[in-house]
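Let me begin by presenting the structure, written as structure tokens, before commenting on it.
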Amino acid sequence: MIQALRGTRDILPEEVVYWQLIEATVAEILGRAVYREIRAPIFEQTALFERGIGEATDVVGKEMYTFSSRGDQSITLRPEGTAGVVRAYIQNKLYAQGGVQRLWYTGPMFRYERPQAGRQRQFHQVGLELLGCDAPRADAEVIALANNILQTLGLQNLEMDINSVGNGEDRQNYRAALVGYLEPYKNDLDADSQERLIRNPLRILDSKDPQTQEIAQNAPKITEHLSVASKNHFDTVLQLLRDLNIKYQINHCLVRGLDYYTHTAFEIKSNDLGAQATVCGGGRYDGLVKELGGPETQAVGWAIGMERLVLLLQQLDSIAVNSPDLYIVSRGVAAEAQGLLLAQKLRSLDLGVELDLSGSAFGKQFKRADRSGAVACLVIGDAEAENQSVNLKWLASGEQQAIAQKDLLDMVAELKAKIKGLKSS
RNA sequence: GCGGGCGUAGCCAAGUGGUUAAGGCAGUGGUUUGUGGUACCACCAUUCGUGGGUUCAAGUCCCAUCGUCCGCCCCA
């Protein structure tokens with residue numbers, strides 16, 4: 001049997017309702033904040049990600065789905081959303097519209113990683129980008145919206161970590177200070193971290209190795225190496241979050257993995273997800289637009305991992321499947337044909353109608369009607385087919401009445417009201 | 001890429017070398033051939049992820065492979 005590729009999976013109808021709930025919530029909340037959806041391609045030139053995300057990162061170094069298409073162009077399935085959105089922003093000159101651009105997107109991303117709960121090779125993100133503004137209020141707005149979405153979905157027990165990684169110059173200074181501090185402990189660090197001492201020392205800070213963690217505890221903090229302007233930015237963001245009543249904790253070890261982040265970096269985590277705990281991650285990326293060939297443009301954004309969010313929602317109350325209003329029971333050639341017609345007419349009048357297609361005994365069809373959760377049945381047998389009528393049977397009470405099919409269509413409003421009443425009780 | 005656990009029907013599972021692979025849920029048919037929710041009865045895996053091997057004998061042991069889960073790594 002041919003099965004889905006490792007790290008990919010089918011999202012079946014019972015699960016799709018959670019996805020739809022998330023999508024609807026996101027569209028509504030972001031819509032109110034006047035963010036507009038943008039849809040960028042799923043594959044792009046490899047160079048976009050190499051330059052945007054950074055060649056030294058793991059994502060670019062070993063996790064990209066890269067292949068050459070006909071004509072030997074190197075193509076990559078997008079491993080994240082920001083680079084593509086920024087490319088679209090530049091290519092379509094959205095900056096020329098003046099002011100800020102508030103954009104959001106959703107869709108599949110691809111990374112070649114070892115699958116785990118909450119980590120797939122094809123996974124989905126919903127993300128948001130606010131381009132063209134360097135004000136701390138932009139950082140705060142964006143974080144507040146992530147918060148809104150997660151809260152509206154009913155998620156509790158989430159924690160937000162926040163840090164500032166400063167601008168490029170701050171980071172150079174800090175990097176030197178950090179390496180100076182760590183150098184004497186070099187032999188006590190775990191193997192990975194020893195390597196990172198040269199390549200990417202900031203990452204040593206969030207190593208999970210206990211001994212490395214102990215050493216990192218007393219390392220100089222980046223927030224103490226920020227320029228006055230960077231420090232002000234960070235402090236203002238924190239003040240605004242307090243004003244908004246958004247809880248956070250400063251995590252001096254939080255260093256986002258992708259190269260493009262500057263200043264604010266944040267992460268929203270859950271304890272109910274195991275190792276892949278981050279539900280939402282983001283921050284400011286003031287250099288990326290320019291790096292990718294656009295005008296100097298400050299920006300801030302985040303992405304939410306859909307699969308992880310779905311996992312959390314599934315741990316809460318389950319979502320009720322939508323059951324039909326009416327269930328059509330029919331038997332006999334003429335009756336079955338009339339049943340189909342009636343179903344279509346009633347559906348066009350905005351009723352939820354399930355049609356039993358089995359042609360089996362009435363008893364069996366009623367059994368299925370029960371299980372479907374329908375409020376009432378419409379029964380058509382040979383007798384009803386003969387005189388163009390239908391038997392309307394209320395499943396809870398068992399009472400039924402014969403009605404001419406054309407009269408039934410006239411009493412739809414009445415029918416709907418009664419169904420609504422019975423459904424809510 | 002590294003280390004470990006697991007894989008028996010649509011789902012939850014018992015079974016740990018010996019003739020026909022428990023049980024439950026769901027499904028289908030019947031008791032009730034035009035009236036359901038209950039009850040009862042019957043049916044529902046020539047086969048245990050897949051491929052090899054050991055053995056008189058394998059779901060059970062060994063090897064490989066695929067998938068999944070946990071941790072590392074990484075990140076949303």
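Below, chains carry the letters A, B, ... as their sequence lines are ordered, and counting in each starts from 1.
Remark: A/Leu292 CG to A/Tyr260 OH distance equals 10.0 Å, nearest 0.5 Å.
Put simply, the residue from A/Asp139, A/Thr262, A/Asn167, A/Asp134 that forms a side-chain contact (heavy atoms from CB on, under 4.5 Å) with A/His233 is A/Asp139. When A/Arg121, A/Glu80, A/Arg78 are each tested for a side-chain contact (heavy atoms from CB on, under 4.5 Å) with A/Arg111, only one passes: A/Glu80.
Where A/Leu5 and A/Phe123 each meet RNA chain B at their nearest nucleotide, the meeting point lying more 5' is that of A/Leu5. RNA chain B is contacted by both A/Gly363 and A/His124; A/Gly363 maps to the nucleotide lying nearer its 5′ end (nearest heavy atom per residue).
If you measure from atom CG of A/Asp209 to atom P of B/C74, you get 12 Å, rounded to the nearest angstrom. Atom CG of A/Asp192 and atom P of B/C75 are 12 Å apart (whole Å). We find that NZ of A/Lys364 is positioned 13 Å from C1' of B/U35, with the value rounded to whole Å. Taking atom NZ of A/Lys269 as the reference point, atom P of B/C74 lies 14 Å away to the nearest angstrom. Nucleotide B/U28 holds its P atom 9 Å from the NZ atom of A/Lys367, rounded to whole Å.
Taking the P atoms as reference points, B/A22 lies 14 Å from B/A9, given to the whole Å. Using P as the reference atom, B/C43 and B/G1 are 49 Å apart when rounded to the nearest Å. One C1' atom belongs to B/U19, the other to B/C72, and the distance between them is 48 Å to the nearest Å. To the nearest whole angstrom, the two C1' atoms, one in B/C61 and one in B/G15, are 16 Å apart. The separation of B/G23 from B/C41, taken at their P atoms, amounts to 13 Å, rounded to a whole angstrom. For the P atom pair drawn from B/C63 and B/C40, the interatomic distance equals 48 Å after rounding to whole Å. Look at the P atom in both B/C66 and B/A39: the space between them is 47 Å, to the nearest Å. The P atoms of B/U54 and B/C6 are separated by 25 Å, rounded to the nearest whole Å.
Contact annotation for A/Gly281: backbone-only contact, meaning every heavy-atom pair under 4.0 Å involves sugar-phosphate atoms and none involves a base. Residue A/Gln365 is classed as having no contact, given no heavy-atom separation below 4.0 Å to the nucleic acid. Among the protein residues, A/Gly118 comes within range of the nucleic acid bases, having at least one heavy atom under 4.0 Å from a base atom. The residue A/Gly7 sits close only to the backbone: its heavy atoms come under 4.0 Å of sugar-phosphate atoms, none of a base. At the heavy-atom level, A/Gly127 lies nowhere under 4.0 Å from the strands shown. Residue contacts shown for A/Arg196 are limited to sugar-phosphate atoms, with no base heavy atom under 4.0 Å away. Nucleic acid contact class of A/Arg371 (heavy atoms, under 4.0 Å, all strands): sugar-phosphate only. A/Glu63 comes within contact range of the sugar-phosphate backbone alone, with a heavy-atom separation under 4.0 Å but no base atom that close. No engagement by A/Ala369 is indicated, since no non-hydrogen atom pair under 4.0 Å with the nucleic acid exists. Across all strands shown, A/Ala117 has heavy atoms under 4.0 Å from sugar-phosphate atoms exclusively, and none from any base.
Nearest nucleotide to the side chain of A/Lys62, out of B/C73, B/C75, B/G37: B/C73. In this structure, of B/U35, B/G29, B/A76, it is B/G29 that holds the atom nearest to the side chain of A/Arg368. If you check B/A76, B/G71, B/G36 against the side chain of A/Gln116, the one that comes closest is B/G71. When each of B/U35, B/C72, B/C75 is scored by its nearest atom to the side-chain atoms of A/Ala275, the top-ranked nucleotide is B/C72. Checking B/G34, B/C70, B/U68 against every side-chain atom of A/Arg6, the shortest atom distance belongs to B/U68. Here the nucleotide nearest the side chain of A/Val379, chosen from B/C75, B/C73, B/U35, is B/U35. Closest to the side chain of A/Asp58, out of B/A76, B/C73, B/G34, is B/C73. Comparing B/C75, B/G29, B/U35 by their nearest atom to the side chain of A/Lys393 picks out B/U35.
Between A/Trp302 and A/Ile268 the shortest side-chain heavy-atom distance does not fall below 4.5 Å.
Base pairing of B/G71: its partner is B/C2, meeting the Watson-Crick or G-U wobble criterion (both donor-acceptor distances under 3.5 Å). With a cut-off of 3.5 Å on both Watson-Crick or G-U wobble distances, the partner of B/G27 is given as B/C43. Summarising the base pairing, B/A64 is matched to B/U50 through a Watson-Crick or G-U wobble pair whose two defining distances lie under 3.5 Å. Under the Watson-Crick or G-U wobble criterion, with both distances below 3.5 Å, B/A14 is left unpaired in every strand shown.
The ring-ring contact (aromatic ring centres under 6.0 Å, His included) test applied to A/Tyr248 returns no partner, not counting sequence neighbours. In this structure A/Gln249 satisfies the side-chain contact (heavy atoms from CB on, under 4.5 Å) test together with A/Glu159, A/Asp161, sequence neighbours excluded.
The pair A/Glu414-A/Lys418 does not meet the salt-bridge criterion, since no charged nitrogen lies less than 4.0 angstrom from a carboxylate oxygen.
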Using a 4.0 Å heavy-atom cut-off, write out nucleotides 1-6 of chain B from 5' to 3' as B (base contacted by protein), S (sugar-phosphate only) or - (no contact). BBB---
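Contact annotation: A/Arg9 side-chain N/O to B/C69 OP1/OP2 distance is not under 4.0 Å. Between A/Gln276 and the phosphate of B/A76, there is no side-chain N or O to OP1/OP2 separation shorter than 4.0 Å.
A pairwise comparison of heavy atoms in A/Arg308 and A/Gln276 identifies NH2-OE1, 3.3 Å as the closest pair.
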Got a list of side-chain donor-acceptor pairs under 3.5 Å for residues 372-386 of chain A, not counting sequence neighbours?
{"residue": "A/Ser372", "atom": "OG", "partner": "A/Ala369", "partner atom": "O", "Å": "2.6"}
{"residue": "A/Ser372", "atom": "OG", "partner": "A/Ala374", "partner atom": "N", "Å": "3.1"}
{"residue": "A/Glu384", "atom": "OE1", "partner": "A/Gly381", "partner atom": "N", "Å": "2.9"}

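Applying the ring pair (Phe, Tyr, Trp, His ring centres under 6.0 Å) test to every pair with at least one member in residues 30-60 of chain A, sequence neighbours left out, gives no pairs at all.
Under a cut-off of 6.0 angstrom, the local environment of CD in A/Glu37 is crowded, with over 12 non-hydrogen atoms contributed by other residues, nucleotides or ligands. Around the CZ atom of A/Arg39, the shell of radius 6.0 Å holds no more than 12 heavy atoms that belong to other residues, nucleotides or ligands. The neighbour count for A/Gln156 CD, taken as heavy atoms of other residues, nucleotides or ligands under 6.0 Å away, does not exceed 12.
For A/Glu384 against B/G34, a side-chain-to-base donor-acceptor contact under 3.5 Å is present. Residue-to-nucleotide contacts include a donor-acceptor pair under 3.5 Å from the side chain of A/Gln400 to the base of B/U35.
The closest side-chain donor-acceptor pair between A/Trp19 and A/Glu23, if any, does not fall under 3.5 angstrom.
Taking a centre distance below 5.5 Å and an interplanar angle below 30 degrees as the stacking criterion, A/Phe366 stacks against the six-membered base ring of B/U35.
For the contact set between residues 20-36 of chain A and RNA chain B, defined by any heavy atom under 4.0 Å, there are no members.
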